[in-house]
Participant: 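This is the structure, below, for whatever I ask next.
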Amino acid sequence: MTCCTFQVKDVSVLCSDAESMEEEFIWEEYMEETGADAAPHTTFRHVETSLQSSFQPGMKLEVANKSNPETFWVATIITTCGQLLLLRYSGYGDDRKTDFWCDVMTAELHPVGWCAQNNKTLMPPEAIKEKYSDWTEFLIQDLTGSRTAPANLLEGPLRGKNTVDLIVDGSVLELRDVSDPLLCWPVRVIQNIGGRLRLRHIGLAEEYRVQDIWLFYLDVRLRPLGWASENGLALEPPTELRPLNSESDWQQALQDARLDGQKNPLPLEVFKDHMDLPKHSFRTGMKLEMVSPWEQLQICPVSVTKVYNEIYFQVTLDNLSADATTRSVVCHANSPGLLPVQWCLKNGVALERPLGYEGQDFDWADYLKQTGSEAAPDACFPDTWQTQGFAKDMWLEAVNPWRPEEVCVAQITQARGRLLWLRLEGVLKPLSECIVDVESMDIFPVGWCEANAYPLTPPIKPVCQKQKKIAVVQPEKQLAPSQPAEPAPVNRCQPVAMDPGSANGRYCCSRIFVNHRCFSGPYLNKGRITELPQAVGPGKCTLVLKELLSMLINAAYKPGRVLKELQELEDQSWECQEETLKAKYKGKTYRSTIRIVRLAEQIPDFCRKVCVKLQCCPNLFGSALVTDKCPENCSVQTKTKYTYYYGKKRKLSKAAGGEEAAGGEPAKPPRRRRKRKAIFVQKKRRSSNIDYTPAGSPQDSDEAEDDEDLAPQSGSEGTSSEPRDDHTDASSVEVTSSSGSQRPRRAVTLRRAFSDGTFTAVQETPGACRRSTRSLSAYHQNNKYQPQKGQDVKVEEDDGQLVLDRNPLEWSVDEVVQFINSTDCASLANIFREQDIDGQALLLLTLPTVQECMDLKLGPAIKLCHQIERVKVAFYKQFAN
């Protein structure tokens with residue numbers, strides 16, 4: 001038997017009952033508490049661009065013929081939806097009746113010219129084979145001037161990736177010098193955070209990491225390797241970095257970067273969204289206003305002092321003092337912060353007077369006359385009056401300009417034209433305020449950091465001074481005598497000094513042990529249980545139990561389900577205190593009020609009944625430490641037998657050793673299991689076949705059983721997007737109906753339909769802006785569509801499946817309206833007619849689109865999208881292949 005030693009660790013617990021045991025910033029909770037509004041995601045154009053597919057409409061590729069997979073034909077990309085491409089064979093012209101969808105990850109797609117290189121046959125589809133007599137001549141005309149889909153996006157490790165994902169760590173680019181636009185130098189990508197790149201100049205070692213710079217990949221200063229030579233620019237390291245290396249070291253680093261770039265070239269698709277800079281109209285001597293890049297929250301008069309070319313020019317801060325220090329910066333026509341003369345006056349913003357200016361009030365007319373200069377005309381500036389959807393008191397995430405690696409919670413305190421005044425939460429004054437342009441690439445929508453697994457600096461909150469102490473006993477492995485015993489880390493709390501008197505009194509308890517060897521039941525993950533501390537306590541009863549229950553919830557397969565079970569736990573004989581516990585699952589946060597005993601003598605009974613509720617061994621946690629063999633002999637029990645014995649299975653009229661044995665009261669009659677209303681979990685597919693597994697199939701039964709009743713009665717709220725994994729789309733969350741004392745009549749109908757096996761709803765749920773590629777995975781749809789008499793759209797039911805006699809891509813607007821009229825969303829049919837939505841547009845509708853464009857509340861939007869999903873599943877089943 002392995003020997004174990006135990007290390008006692010004291011942890012500090014805040015006295016406030018309202019505070020959670022762990023500090024965690026969640027945007028939705030913060031905005032709910034403060035009543036704040038998030039800036040619309042669509043206002044962040046650079047983020048929207050980064051989420052777009054690498055494939056563009058109009059690209060050509062070669063795809064296998066449906067009727068004869070051994071032959072291929074040229075097709076054109078009509079539109080994209082994540083990694084799904086809508087294609088049309090060349091030769092069909094504007095006829096969209098035969099357009100078809102395919103998954104770039106599973107379909108056999110190749111760049112134009114692949115068939116010729118691999119001796120494959122190019123043959124037009126049978127339906128149009130007789131349309132042209134000379135197909136070779138047709139292809140020559142069709143492909144002339146067209147763009148083929150890049151080969152590296154159709155095969156290999158970059159297959160199907162979004163543009164931003166093509167930039168991998170170690171990639172080499174060229175960066176235009178910030179102080180001299182005629183110079184460039186290669187940089188290497190150290191990190192790629194959702195398109196925000198941490199870059200290091202070639203030739204600098206790790207020790208110079210403080211010189212790293214952060215830029216969004218769409219920044220106009222970034223160019224592909226070799227661009228400088230092609231455009232006649234010199235390759236030289238920045239002036240301030242040259243002393244760090246010898247000239248020979250810099251040149252050697254340049255040669256190594258070129259070789260590295262040739263071996264691992266960065267796909268040119270990365271730069272497809274880079275905009276060419278417009279020509280400017282500035283002349284030397286012109287004056288304008290500019291947000292100061294040197295001083296905080298200042299807008300100053302500046303002058304154009306040098307024009308490099310038709311793209312770049314230099315502006316210098318006006319300084320009339322005798323010992324003036326020149327401060328200059330290189331700009332272009334779209335540089336943020338450039339403003340016309342009188343902009344501050346028109347927008348009610350203070351303009352900083354030039355140093356050495358005589359007079360109390362600054363007047364542009366007098367200043368221009370005094371200096372003998374002219375104001376830059378308004379035509380030199382882009383639209384400087386529109387805020388593009390931003391407004392005061394909106395919230396977002398912003399880069400700390402004084403620490404570029406830090407992204408903070410930020411609030412818009414003022415919006416004037418193109419400028420936003422931000423207050424950075426979590427940053428101490430006076431560095432907590434800054435001015436940014438509305439098109440700045442250093443601001444991001446709410447949830448961007450969470451979507452990209454990057455730390456976000458939260459607001460600073462006051463900390464309660466009065467504290468209670470809880471000791472956590474952490475197991476250690478036996479170490480060799482020569483090695484000092486190091487305590488295992490306690491992740492949840494910081495160790496503090498133990499107060500010997502904190503465990504005294506009726507409302508304080510001794511240690512509560514977690515017996516890792518005992519059976520964990522169907523709800524708790526055995527692996528996570530073994531990672532928990534050996535014991536929690538001593539300390540105040542409610543705080544110790546709250547900490548223990550929080551650990552158990554986080555160790556569950558489905559935390560929300562455990563939270564639901566704990567919510568139903570109560571005993572009239574207990575003296576309880578209500579505590580709020582939280583659970584996070586698949587991007588949603590669930591909160592529920594749990595009744596926790598306050599007296600030490602009631603803790604053994606409380607722990608045992610919690611174990612019974614969770615169908616685990618009654619000794620899994622409690623006041624007794626199981627050192628060798630569990631008295632319940634739980635180690636020999638199978639999951640089925642054990643849950644029958646201790647749990648609440650319905651087949652047994654009385655569960656031996658169950659609630660009656662534990663609490664001395666009759667077991668409650670079994671509660672009928674409530675069916676879920678609707679779920680849709682999108683999976684990333686890696687096979688060419690579309691999965692139509694029924695919701696009740698073995699593959700889905702485990703998740704269905706665990707997820708029912710997931711949403712507690714107290715409600716739930718969605719958090720920002722979770723970091724995605726390799727199998728589940730980060731934007732997919734489960735939607736469950738909350739239980740209540742009275743259920744609407746429609747809910748009863750749904751439950752009956754579920755029990756009869758005739759209804760399963762599939763619905764896509766909305767999520768925050770995130771960087772993910774979606775693919776289709778649909779469940780069987782058992783709804784029966786019953787059209788009105790006289791309809792042209794006819795459907796049948798085949799083994800419970802919806803069968804359409806016509807491809808919905810061919811539906812007209814009237815046919816779509818007829819279909820909507822036949823559903824419970826008939827009141828929305830006129831919207832489809834007004835918006836001119838035909839069958840093809842119907843299949844492209846999603847929940848976010850329906851909510852935004854049709855201005856619907858969530859409930860009606862979900863019902864409408866459910867009907868649309870019925871058609872989508874039937875379409876993919878019958879016509880997609």
Side-chain angles (χ1 to χ4, degrees), residues 13 17 20-21 468 470-473 502-516 518-521 523-524 529 532-556 559 561-583 591-626 630-632 634 643 645-648 655 657-668 712 714:
V13 180
D17 295 334
S20 172
M21 294 295 295
K468 295 290 183 180
I470 293 179
V472 175
V473 180
S502 64
N504 297 331
R506 189 183 182 194
Y507 296 98
C508 294
C509 65
S510 58
R511 291 178 295 177
I512 300 179
F513 296 96
V514 180
N515 298 305
H516 299 156
C518 290
F519 178 66
S520 58
Y523 295 130
L524 303 179
I529 289 291
L532 297 182
Q534 182 69 35
V536 181
K540 187 178 177 182
C541 293
T542 53
L543 294 179
V544 172
L545 287 175
K546 183 177 180 181
E547 171 71 2
L548 177 66
L549 295 179
S550 297
M551 290 179 177
L552 294 176
I553 290 171
N554 291 328
R561 178 62 186 271
V562 172
L563 192 65
K564 176 67 176 178
E565 294 293 332
L566 294 176
Q567 185 184 18
E568 298 174 351
L569 185 68
E570 61 180 340
D571 191 311
Q572 298 297 330
S573 63
W574 291 342
E575 182 178 338
C576 297
Q577 174 177 314
E578 293 186 347
E579 294 285 350
T580 301
L581 299 182
K582 295 189 300 183
R591 289 197 239 177
S592 185
T593 301
I594 309 298
R595 294 172 59 83
I596 298 177
V597 297
R598 302 176 58 199
L599 304 180
E601 61 266 23
Q602 295 176 345
I603 285 183
D605 183 49
F606 178 82
C607 290
R608 183 173 180 84
K609 288 192 174 181
V610 170
C611 291
V612 171
K613 194 72 174 175
L614 299 183
Q615 303 183 36
C616 59
C617 175
N619 295 320
L620 180 63
F621 51 90
S623 56
L625 173 64
V626 178
C630 175
E632 300 290 337
C634 63
T643 51
Y645 186 77
Y646 288 108
K648 53 179 183 180
E659 294 193 9
E660 182 175 358
E665 60 184 31
K668 296 181 180 179
S714 58

Participant: What are the two closest heavy atoms between Arg511 and Gly537, and how far apart are they?
Facilitator: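 Nearest pair, atom of Arg511 first, then Gly537: CG-O, 3.6 Å.
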Participant: Which residues pass the salt bridge (Lys or Arg N to Asp or Glu O under 4.0 Å) test with Arg595, not counting sequence neighbours?
Facilitator: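 Testing Arg595 for salt bridge (Lys or Arg N to Asp or Glu O under 4.0 Å), a comparison that skips the adjacent residues, returns none.
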Participant: Only counting residues at least two apart or in another chain, list the ones meeting side-chain contact (heavy atoms from CB on, under 4.5 Å) with Cys541.
Facilitator: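 Partners of Cys541 by the side-chain contact (heavy atoms from CB on, under 4.5 Å) criterion, ordered by chain and then number, come out as Cys509, Ala600, Ile603.
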Participant: Any chance you could measure Leu543, atom CG, to Leu548, atom CG, to the nearest 0.5 Å?
Facilitator: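 Leu543 CG to Leu548 CG: 12.5 Å, rounded to 0.5 Å.
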Participant: Taking the side chain as every heavy atom from C-beta outward, state whether Gln534 and Leu625 have any atom pair closer than 4.5 Å.
Facilitator: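 In short, these two side chains touch, coming nearer than 4.5 Å.
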Participant: Where is the tightest heavy-atom contact between Phe621 and Val610, given as atom of each residue plus distance?
Facilitator: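 Looking at all heavy atoms of both residues, the shortest contact is CZ-CG1, 3.3 Å.
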Participant: For Ser573 and Asp571, work out which heavy atoms get closest and say how close.
Facilitator: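 The pair with the smallest heavy-atom distance is OG-OD1, 2.6 Å.
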Participant: Taking all non-hydrogen atoms of both residues into account, name the closest pair between Leu563 and Ile594 and its distance.
Facilitator: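 Heavy atoms only, the tightest pair is O-CD1, 4.0 Å.
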Participant: If every non-hydrogen atom of Gln615 is compared with every non-hydrogen atom of Phe519, which pair is closest and at what distance?
Facilitator: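 In this case the closest contact between Gln615 and Phe519 is O-CE2, 3.9 Å.
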Participant: Kindly compute the distance separating CG (Leu552) from CD (Glu565), expressed to the nearest 0.5 Å.
Facilitator: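 The distance works out to 13.5 Å.
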Participant: Once side-chain contact (heavy atoms from CB on, under 4.5 Å) is applied, do any residues pair with Glu575, and if so which ones, sequence neighbours excluded?
Facilitator: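 For Glu575, the residues satisfying side-chain contact (heavy atoms from CB on, under 4.5 Å) (neighbours in sequence not counted) are Tyr507, Arg598, Leu599, Gln602.
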Participant: What closest approach, in Å, do Pro533 and Val514 show between heavy atoms, and which atom pair accounts for it?
Facilitator: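 Reported closest heavy-atom pair: O-CB, 3.6 Å.
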Participant: Hey, what do you get for CD (Glu570) to NZ (Lys609), rounding to the nearest 0.5 Å?
Facilitator: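 Reported value, rounded in 0.5 Å steps: 10.5 Å.
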Participant: To the closest 0.5 Å, what do you measure between CD (Glu547) and CG (Leu581)?
Facilitator: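 Those atoms lie 10.5 Å apart.
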Participant: Apply the test side chain to side chain contact (heavy atoms under 4.5 Å, CB included) to residues Leu549 and Glu579: give CA-CA distance (whole Å), side-chain angles for both, the deciding distance (0.1 Å), then the verdict.
Facilitator: CA-CA 11 Å; Leu549 295 179; Glu579 294 285 350; over 6 Å; no
Participant: For the atom pair CG (Leu569) and NZ (Lys613), what is the distance rounded to the nearest 0.5 Å?
Facilitator: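 Result: 6.5 Å between the selected atoms.
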Participant: Would Leu524 and Leu620 count as a side chain to side chain contact (heavy atoms under 4.5 Å, CB included) here? Give the steps.
Facilitator: CA-CA 11 Å; Leu524 303 179; Leu620 180 63; 3.7 Å; yes
Participant: So, do Leu566 and Ile553 sit near enough that their side-chain heavy atoms are less than 4.5 Å apart?
Facilitator: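 Heavy-atom side-chain distance check passes, below 4.5 Å.
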Participant: In Å, rounded to the nearest 0.5 Å, how long is the span from CZ of Arg608 to CG of Asn619?
Facilitator: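 Answer rounded to 0.5 Å: 7.0 Å.
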Participant: Just by distance, do the side chain of Asn515 and the backbone of Ala624 share a donor-acceptor pair under 3.5 Å?
Facilitator: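 The answer is yes, because a donor-acceptor pair under 3.5 Å joins these two groups.
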